Amino acid sequence: MTEHVAGNGLLNRRGLLKATGAGLAGGVLMPVMAPVSAAEDWMTTSGAPMDEYGAPSKHARLKRVNIGAHPYGSGAGSSSTPLEKLNGTITPNSLHFERHHSGIPDIDPARHTLTIYGETNKKLQFSYEDLLAYPMETHTYFLECSGNSYSNVIFPEAADKTVGELNGLVSCSEWTGVPLHYLLDEAGLNSNANWIVGEGADAAGLTRSIPMKIATKNVMIALFQNGEPLRPAQGYPMRLFVPGSEGNVSVKWLQNIKVQKTAAYTKDETSKYSDLHVDGKADMFSLEMGVKSLITSPSGKMKLNRKGVYEVSGLAWSGAGGINQVEVSADGGNSWATAALQSEHRNLSLMRFRIPWRWEGQPAVLQSRATDDKGNVQPTRAAALAKYSKSNIYHYNGTQSWQVTQAGVVKNVYA
Ligand SMILES: Nc1nc2c(c(=O)[nH]1)N[C@H]1C(S)=C(S)[C@@H](COP(=O)(O)O)O[C@H]1N2
Ligand SMILES: [Mo]
């Protein structure tokens, strides 16, 4: 028999899989065997030829959502990953979220260099070709804009949007590149080399300071994304990649790394990307992204069109390291059950969680709550908002709540 593990229909996964067809909710998990049709076109005629750069099935085309351009320049703005349409943990390159302050530059790698200078013994300049000759590493990391989920912060009423529209400024890729410490070692750091300052070659000249402790830990000059050269939107030919930190410091189209005694206090880290508190003080260089999770299915704008067992599934991540546990509630946080973590354990990466849930037409509020391996627990929306001044939008990691109505309509709610 299937066993309830928390209120309002959350089920024991193992129990569900062991149950007989009769034990399942009206057999909804049983495949319906349709007779094999004798003469579908694709069975009788030869298919399409090979293709130089593959494309998704025309029956499963996906697109980025919530594309918002700045009124003064269409290149500035952001687009979100359609999280509700994806499964697993890797974001296809074509759907990686985008955030550009001045559009996507078209950089010829033969005319682009990376210069490391400042508080170093030597000034070094690397071409793209030079960097390709260095030892590289491959890691799966999430990237999240510190402005992700801003709709749940700024709108007094919960916006009726999809999970991607609300929270899709997060993506996850396998990144390959040169560990920055190799290059810093080669340049030779002076005794007061406390910060690096990364500068992009885009028209925005985005420039961010990173403390040396982080810069020499796991930062890389990323050259490949999910196996192929970086996409122009992600920083081709090279970007700084700072795992676990707010997306803004992963400077795209990277051209300079200046080593300094102090931070640079650039426009990008004083006028923006600082976090205002209620007492008027602001955090600067608050780089680490908090522990967070989202149910991606069922989620906003979906409709449950049958009663029975559903898989509640979503993503969890933390800028502090790995994910220890994700709990799911179907009754607005009154009771919680532990979900199965369904991806290979990886630090600083998206992790997929799943738990079965029986829906018999009852109203429900679905929520998830992640705990990372440093013991940080994802806050409620109220607790996350209370941390900062009302005008602050960055680093929001509060609970995402989905209301399910008796008609099966799934909607963003503040609970
Ligand atoms: N040079 C440069 N680097 C940049 C940006 C930019 O506009 N210019 N945007 C930053 C911001 S705010 C984020 S969230 C990430 C987004 O990276 P993505 O577009 O690859 O998702 O890049 C960061 N690096
Ligand atoms: Mo960002």
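What's counted below: heavy atoms across the whole structure, side chains too, no hydrogens, waters or symmetry copies. For ligands, and for the atoms within them, numbers begin at 1 and follow the listed sequence. Predicted, not measured: the structure shown is a model, and the values here were computed from it.
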Ligand 1 versus [X], non-hydrogen atoms closer than 4.0 Å: side chain, backbone, both, neither?
X	answer
F241	neither
F97	both
L143	side chain
S146	neither

Nearest neighbour in protein (non-hydrogen) for [atom]:
atom	value
atom 9 (N) of ligand 1	R99 O, 3.1 Å
atom 24 (N) of ligand 1	S250 O, 3.1 Å
atom 23 (C) of ligand 1	G247 O, 3.4 Å
atom 14 (S) of ligand 1	C145 CB, 3.4 Å

Cut-off 3.5 Å, side chains only: do [X] and [Y] have a donor facing an acceptor?
X	Y	answer
H101	R99	yes
T81	S171	yes
S329	Q367	no

>> Regarding ligand 1, does H101 bring an N or O atom to under 3.5 Å of one of the ligand's N or O atoms?
In response: yes
Suppose I only count heavy atoms of [X] and a 4.0 Å limit; which atoms of ligand 1 are within that range?
X	value
Y273	12 (S)
H100	7 (O)
A233	19 (O), 20 (O)

Closest by any non-hydrogen atom to [atom]: pick that one out of [options].
atom	options	result
atom 19 (O) of ligand 1	E144, H96, R208, K252	K252
atom 17 (O) of ligand 1	Q234, E98, R239	R239
atom 1 (N) of ligand 1	V170, V249, N148, D202	D202

> When E311 is tested against each of R352, R354, R358 for salt bridge (charged side-chain N to carboxylate O under 4.0 Å, His left out), which residue passes?
Replying inline: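 Among R352, R354, R358, the one that satisfies the salt bridge (charged side-chain N to carboxylate O under 4.0 Å, His left out) with E311 is R354.
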>> Using a strict threshold of under 4.0 Å (side-chain N to carboxylate O), is an ion pair present between R208 and E246?
In response: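 Between R208 and E246 there is a salt bridge, with a charged N closer than 4.0 Å to a carboxylate O.
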Parallel under 30°, tilted from 30 to 60°, perpendicular over 60°: which one fits the rings of [X] and [Y]?
X	Y	value
F142	W317	tilted
Y141	F241	parallel
Y134	F126	perpendicular

> Step by step, would you call Y273 with Y394 a ring-ring contact (aromatic ring centres under 6.0 Å, His included)?
Replying inline: CA-CA 7 Å; Y273 304 104; Y394 299 123; 4.9 Å; yes
>> Would you compute the distance between atom OG of S368 and atom NZ of K292 and round it to the nearest 0.5 angstrom?
In response: 11.0 Å
> Is A204 in contact with ligand 1, taking contact as a heavy-atom separation below 4.0 Å?
Replying inline: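 Not so, A204 does not reach ligand 1.
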